[in-house]
Each structure stands twice: as C-alpha cells, then as structure tokens.
Colleague: 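Before anything else, here's the structure in question.
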Protein chains: 2
Amino acid sequence: MSSNVREDIMAAARRAAQAHGYTGLNFRELAAEIGIKSASIHYHLPTKTDLGAAVAKRYWEDSQAVLDSLWNDGADPAGALRAYPGTFRQSLENGNRICLCSFMSAEYDDLPDPVRTEVSAFAEINLAWLARVLAAATGQDAAACGRRASAIFAAVAGAQLMARSRADIALFDGAIEGYREAGLLPA
Amino acid sequence: MSSNVREDIMAAARRAAQAHGYTGLNFRELAAEIGIKSASIHYHLPTKTDLGAAVAKRYWEDSQAVLDSLWNDGADPAGALRAYPGTFRQSLENGNRICLCSFMSAEYDDLPDPVRTEVSAFAEINLAWLARVLAAATGQDAAACGRRASAIFAAVAGAQLMARSRADIALFDGAIEGYREAGLLPA
DNA sequence: ACCTGAACACCGTTCAAGT
DNA sequence: ACCTGAACACCGTTCAAGT
C-alpha cells in the first residue's frame with residue numbers, strides 16, 4: 001500500500017482550503033490534524049504551491065467524476081440540470097464550506113500560476129458539462145448553450161457564497177428557487 | 001481639518017481588501033503605501049478587527065448611496081434593474097477587484113463578529129433595494145420579490161467572482177447576458 | 001522510504017514608550 | 001494628539017540526523 005499519509009494530507013488540505021482558502025492553508029495545522037510534524041508534509045508535497053495545485057487538481061477531477069455520474073450522454077438531461085445545484089449544496093452541508101475554486105477565485109491575485117491553472121480547469125469542466133447537458137436538453141446552438149452554462153455556473157457559485165456569509169443554507173435554496181422561477185434553471 | 005490619515009488608511013485598506021481579502025490585509029503594506037510606520041495605523045484603528053469592520057461599514061454605506069442615486073422611489077425601476085450589474089462591474093474594471101463583501105463572505109470562518117455584522121449589512125441593503133425595485137417594476141408580492149432579489153444578488157456576485165478567476169471582464173458580461181436571456185434580469 | 005528537531009529569514013500584531 | 005521601536009507569535013522552508 002503506497003502512502004496513506006499523502007492522501008491524508010490531501011484530504012485535510014481540501015477541507016481546510018474550502019473553509020480558509022489557499023492563504024489560510026498552513027502546514028502546521030494540517031500536520032497537527034494528521035498527527036505528524038509540519039516538516040514531514042514537505043516530504044510528500046515539497047512546497048505550498050505543490051500542495052495547492054495538487055489539491056485543486058484532485059478537486060476538479062473528483063467533480064468531473066460526480067458530474068459524469070450525474071449525466072453522460074444519457075437520458076433525462078433536464079433531470080441532470082435540476083440536480084446540478086445539489087453538487088454545490090453539499091459543501092454547505094459539510095460545515096458551511098464552499099467550493100474550493102470559488103474561494104481560490106477570490107484569492108486570484110495571491111495564487112501561484114500552477115494553482116491558477118487548476119482553478120481554471122474546475123470552471124472549464126463545469127462549463128463544458130453544463131453546455132453539453134443544455135444542448136441535449138434544449139437543442140439550442142453551441143453559443144447560446146455556452147452563455148447559459150456560464151450564467152448557471154456563476155449563479156450557483158454565487159448562491160453558495162451568499163449562503164455561507166450568513167451560515168444559512170436556506171439562503172442557498174432560496175436563491176436556487178429564484179433561478180427556477182425566473183427560468184434560469186428548469187423547474 | 002481632522003485626520004486625513006485615517007481616511008487614507010480606510011481607502012488603502014478598502015482597495016487591498018477587494019484584492020486580497022481580510023486575511024490578506026496587512027498593516028505594513030498599508031503603512032508603506034501611506035508613508036507612515038505600521039504601528040502608527042493602530043492609533044487610528046486599534047485592531048485589525050476595528051479596521052475590517054470600519055472598512056466594511058464604509059463599503060456598504062457607500063454602496064447604499066450609489067443604489068439610492070440609481071433609484072429611490074422614482075420612475076423607471078426597470079432601468080435601475082438594468083443598471084444594477086454595472087455597480088459590480090466597476091470593481092472588475094478597477095484592477096480585477098471584487099466586491100469587498102464577496103471576498104469576506106468566502107472568509108466567513110476567519111472573520112471577527114464585528115466584521116461579519118457589516119458584511120451581512122451589505123447583503124441586506126442590496127437585497128432590500130432590489131426587492132423594492134422589483135416590486136415597483138413587476139408589482140409582484142413581497143415574498144416573490146424577496147426570492148427574486150436574492151437570486152439576482154447572488155447571481156451578479158457569482159458572475160463577478162467567475163470573471164476574476166480568469167481576469168476576464170468579458171466573462172462577467174457573458175454571464176449577465178445569460179441572465180437576461182434566461183429572464184432573471186430584464187432585457 | 002519516511003519522519004523530525006532545530007534553525008532560518010520573514011512578516012503581521014501589539015504595546016509601552018517616545019515626542 | 002500622534003507616532004515608533006522592539007518584542008512577540010507565527011509562517012514556509014531547509015537540512016542534517018534519525019528510524
């Protein structure tokens with residue numbers, strides 16, 4: 001069995017980053033949580049940049065898998081669209097956390113390039129998935145689906161951010177309901 | 001003339017917080033920008049909590065004034081609604097910055113209570129303004145306008161965040177256009 | 001292979017002391 | 001009233017030494 005420690009670091013760093021961001025990530029707290037010394041982390045992930053990039057990459061890979069399990073050229077694209085906000089709701093359920101990439105988007109100015117790359121990838125896979133689902137659900141052209149995908153992605157991330165600021169998941173549900181009533185999301 | 005220094009601190013802190021957040025706010029850089037020593041800032045704003053709360057309070061007060069100048073029980077509520085995303089666009093135009101309160105919403109876990117209070121106030125005045133404008137524009141009941149206000153506020157903040165993550169203001173415009181096409185915002 | 005203590009250079013925050 | 005020196009706590013990183 002190869003390193004469980006590296007996986008433990010990745011998991012703890014992901015949870016921490018979803019609550020405190022890249023800036024708020026620190027080796028000493030991470031190490032204490034895992035039960036090793038902070039210097040040991042550097043054996044697995046040499047620098048903070050490496051850690052941040054690895055965590056963000058894993059994050060969008062996991063998200064990609066979740067989205068693919070939700071819909072992948074199958075039936076019921078409208079149902080997948082209806083379920084999409086739920087993938088963001090989970091972070092709030094999990095200790096009022098938010099999307100790792102939303103937090104890191106705010107921190108854009110202070111992000112090393114390798115981390116920025118992975119944050120962009122998260123947006124890209126969400127946008128691409130939404131555009132494909134929208135095309136299947138509505139039959140509209142690629143440009144229209146792209147704009148709509150962009151609108152839905154930004155809107156759902158925004159709802160999550162607003163809910164976090166009050167530590168109230170009902171605010172998330174309210175905003176999503178508002179999107180449905182307005183026609184941005186399917187009822 | 002009372003303290004210009006305090007105003008200089010407030011202005012520099014606001015710009016910094018819109019780019020680096022509350023955590024990224026630091027006395028030494030602020031001081032260097034103003035031309036005093038970092039310890040001197042504490043004479044005007046005793047703690048980082050005081051600074052953060054003062055800056056966030058000023059931020060929503062200024063926003064309130066901007067919104068009131070945009071619409072205050074006058075004619076053309078639909079026009080005011082159309083202009084609303086522009087108030088968020090300005091931050092992006094200003095060095096790819098974002099709403100101070102969006103950044104601080106992400107940082108919720110690390111915010112002292114007095115700062116949280118002012119962050120909440122920003123959301124409240126936006127929500128209240130939007131609900132009033134929507135009521136005037138659509139004639140719908142208070143509950144429906146409240147949900148719609150919540151949806152618009154979250155969506156516009158989300159569009160801003162997404163645009164920052166790519167340093168591309170066209171992504172903001174694209175998402176807003178998507179909201180219009182979907183019917184969340186008036187065309 | 002994997003972990004650690006100790007040290008390094010650096011930085012934000014605080015407060016007693018200065019003028 | 002207004003400002004600062006200096007101490008303090010904490011950070012990411014390195015590296016020699018340990019198992």
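Order of the sequence lines fixes the chain letters, A, B, ..., with proteins taken first and strands second; residue numbering starts at 1 for each chain.
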Colleague: Could you name each residue pair satisfying side chain to side chain donor-acceptor pair (under 3.5 Å) that touches residues 177-187 of chain A, not counting sequence neighbours?
Modeller: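 As it turns out, the side chain to side chain donor-acceptor pair (under 3.5 Å) pairs with a partner in residues 177-187 of chain A, which skip direct neighbours, are E181(A)-R147(B).
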Colleague: List in chain and number order the residues that pass side chain to side chain contact (heavy atoms under 4.5 Å, CB included) with A170(B), two or more places apart in sequence or in another chain; answer none if no residue qualifies.
Modeller: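 Per chain and number, A170(B) pairs via side chain to side chain contact (heavy atoms under 4.5 Å, CB included) with D168(B).
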Colleague: Could you run through nucleotides 4-19 of chain D and give me one letter per nucleotide, 5' to 3': B if any protein heavy atom sits under 4.0 Å from the base, S if only the sugar-phosphate is that close, - if neither?
Modeller: BB-----BBBB-----
Colleague: If you take all heavy atoms of R89(B) and I169(B), which pair is closest and at what distance?
Modeller: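 Smallest heavy-atom distance, with atoms named: NH1-CD1, 3.6 Å.
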Colleague: Quick one: side chain to side chain contact (heavy atoms under 4.5 Å, CB included) partners of A167(A), sequence neighbours excluded?
Modeller: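 Partners of A167(A) by the side chain to side chain contact (heavy atoms under 4.5 Å, CB included) criterion, ordered by chain and then number, come out as N96(A), Y108(B).
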Colleague: Once ring pair (Phe, Tyr, Trp, His ring centres under 6.0 Å) is applied, do any residues pair with W129(A), and if so which ones, sequence neighbours excluded?
Modeller: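 Ring pair (Phe, Tyr, Trp, His ring centres under 6.0 Å) list for W129(A), sorted by chain: Y84(A).
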Colleague: Which residues pass the side chain to side chain contact (heavy atoms under 4.5 Å, CB included) test with H42(A), not counting sequence neighbours?
Modeller: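 For H42(A) the side chain to side chain contact (heavy atoms under 4.5 Å, CB included) partners, ignoring immediate neighbours, are F27(A).
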Colleague: Taking atom C1' of dA1(D) as reference, at what distance in whole Å does atom CZ of R6(B) sit?
Modeller: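 So the two atoms are 15 Å apart, to the nearest Å.
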Colleague: Hey, does the side chain of H44(A) come within less than 4.0 Å of dC3(C)'s phosphate (OP1/OP2), counting only N and O?
Modeller: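 Yes, because at least one side-chain N or O of H44(A) sits under 4.0 Å from OP1 or OP2 of dC3(C).
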Colleague: Starting at the 5' end of DNA chain C, write a dot or bracket for each base, bracketing those in Watson-Crick or G-U wobble pairs whose two distances are under 3.5 Å and using | for partners on another strand.
Modeller: ||.|||||...|||||.||
Colleague: For D50(A), what residues pass the salt bridge (charged side-chain N to carboxylate O under 4.0 Å, His left out) criterion, not counting sequence neighbours?
Modeller: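 Partners of D50(A) by the salt bridge (charged side-chain N to carboxylate O under 4.0 Å, His left out) criterion come out as none, since no residue qualifies.
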Colleague: Just distance, no hydrogens or angles: give the donor-acceptor pairs under 3.5 Å from side chains in residues 130-139 of chain B, sequence neighbours left out.
Modeller:
unit_1, atom_1, unit_2, atom_2, d
T138(B), OG1, L134(B), O, 2.7
T138(B), OG1, Q140(B), N, 3.2

